[in-house]
Student: 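Below are the structure tokens for one structure; questions will follow.
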There are 2 protein chains.
Amino acid sequence: MTISEVSERFGISQDTLRYYERIGLIDAVPKKSGRRDYGERELDRISFILCMRSAGLPIEVLLEYIDLSRQGDKTAEARRNILIEQRERVQEKIKEMQEACKKLDYKIDVYYTKMLSKEKEIMKATKDS
Amino acid sequence: MTISEVSERFGISQDTLRYYERIGLIDAVPKKSGRRDYGERELDRISFILCMRSAGLPIEVLLEYIDLSRQGDKTAEARRNILIEQRERVQEKIKEMQEACKKLDYKIDVYYTKMLSKEKEIMKATKDS
DNA sequence: TTACCACTTGGAGCAAACTCCAGCGCAAGC
DNA sequence: GCTTGCGCTGGAGTTTGCTCCAAGTGGTAA
């Protein structure tokens, strides 16, 4: 799979894909006549990274996790602990966002009521005149 | 209320408070002998901003919203529309994060199973020897 | 053969949101 | 009156995560 296909498929830029490879988030992608040729292995990695990034995990943390992965089975527990910590963070963030969402809901509703009452005023004014 | 008290109360730095004021997210805070003296009005604003920021609303958007607020009632609908759009964004983000959380759960569980089976192996090896 | 195109590299640049700093001012307490 | 502490300002610096660019290469099509 070419870089443009991967870029299209995941909706991220080619630059970002190369950037991830450069910093070691993706292992060196095999090349065909100088061009990257992404395989299943790479696609899986990319999909994992994007999922985690979308949840807000910092690149630093993903790097650490992937570095540990490369060191084999003996790091399984450390990796698990990273995931557990990150899950906690994500859950906390979700809660915060739900709070904010409630506040937004409330405010939106207040504006709605405001507009309704304004409309009534106009109706009344129209009738009066 | 002094800036250090506000900083403490909301868990944000004094620098950030001054920064928010500088860019107009908070209106000029009244001063007592050259020092900021935060009142209820300011605290409410700060609490709103922090809530929205924690949900990921960009400062740009908050600035726009607050600018509209300053222009009075005639901007009510525009403001409401901003809130509606942002609520959509937040909800989408929450969904993404919940997806990621699921993936994390799954992975954590996989590591757990892995560790269990490793433990078993050790038990067996111990027994065999 | 030449033109074109997608792709390569290393490095610079950028946007957002802070964060830090130097140098100053004021007010209280010793 | 002097020091200590808190706060002030304007401006520079930092971090994160990309994004853009110039110059070069290799395969393909006219």
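Just so we're on the same page: letters track the sequence lines, and every chain starts at 1.
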Student: Salt-bridge test for E96(B) and K93(B): reply yes if a basic N is under 4.0 Å from a carboxylate O, no otherwise.
Tutor: yes
Student: dT19(D) P sits how many Å from I12(A) CD1, rounded?
Tutor: 9 Å
Student: Expected output is a numbered-order residue list: members of residues 44-61 of chain A with a heavy atom under 4.0 Å from any atom of DNA chain C. What is it?
Tutor: none
Student: What is the separation between atom CG on L17(A) and atom P on dG17(D), rounded to the nearest whole Å?
Tutor: 16 Å
Student: Quick one: is dC7(C) close enough that its OP1 or OP2 comes under 4.0 Å of any side-chain N or O from T2(A)?
Tutor: yes
Student: What heavy-atom pair brings G72(B) and R79(B) nearest, and what distance separates the two atoms?
Tutor: O-NH2, 3.0 Å
Student: For Q71(B), is the CD atom crowded, meaning more than 12 foreign heavy atoms sit under 6.0 Å from it?
Tutor: yes
Student: D15(B) CG to dT15(D) P: how many Å, rounded?
Tutor: 15 Å
Student: Whole-Å distance between dC6(D) C1' and M1(B) CE?
Tutor: 16 Å
Student: Nearest 0.5 Å, please: how far is OH in Y111(A) from CD1 in I84(B)?
Tutor: 11.0 Å
Student: Cationic tip of K107(B) within the cone over Y65(A)'s six-membered ring, i.e. under 6.0 Å and within 45° of the normal?
Tutor: no
Student: Roughly how many Å is it from CD1 in I3(B) to P in dT19(C), rounded to a whole number?
Tutor: 14 Å
Student: Quick check on dC7(C): is either OP1 or OP2 less than 4.0 Å from any side-chain nitrogen or oxygen of S4(A)?
Tutor: yes
Student: Determine yes or no for a side-chain-to-main-chain donor-acceptor pair under 3.5 angstrom, with T75(A) supplying the side chain and A78(A) the backbone.
Tutor: no
Student: Evaluate side-chain contact (heavy atoms from CB on, under 4.5 Å) for E21(B) paired with E42(B), printing each intermediate quantity in order.
Tutor: CA-CA 10 Å; E21(B) 188 177 342; E42(B) 282 77 29; over 6 Å; no
Student: Whole angstrom is fine here: how far is it from CG in L63(A) over to P in dT16(D)?
Tutor: 11 Å
Student: Can you list, by residue number, the residues of residues 19-39 of chain B that have a non-hydrogen atom closer than 4.0 angstrom to DNA chain D?
Tutor: R22(B), K31(B), G34(B), R35(B), R36(B)
Student: Find the distance Q14(B):CD to dG5(D):C1' and express it as a whole number of Å.
Tutor: 12 Å
Student: Would L17(B) and F10(B) satisfy side-chain contact (heavy atoms from CB on, under 4.5 Å), going step by step from the backbone distance to the final call?
Tutor: CA-CA 10 Å; L17(B) 283 166; F10(B) 288 106; 5.7 Å; no
Student: Taking 4.0 Å as the cut-off, does a side-chain nitrogen or oxygen of T16(B) come that near to OP1 or OP2 on dT19(C)?
Tutor: yes
Student: Pair R70(B), I66(B) - check side-chain contact (heavy atoms from CB on, under 4.5 Å), show working.
Tutor: CA-CA 6 Å; R70(B) 287 197 265 257; I66(B) 284 166; 3.6 Å; yes
Student: Grab the CZ-C1' distance between R18(B) and dA12(D) for me, whole Å please.
Tutor: 16 Å
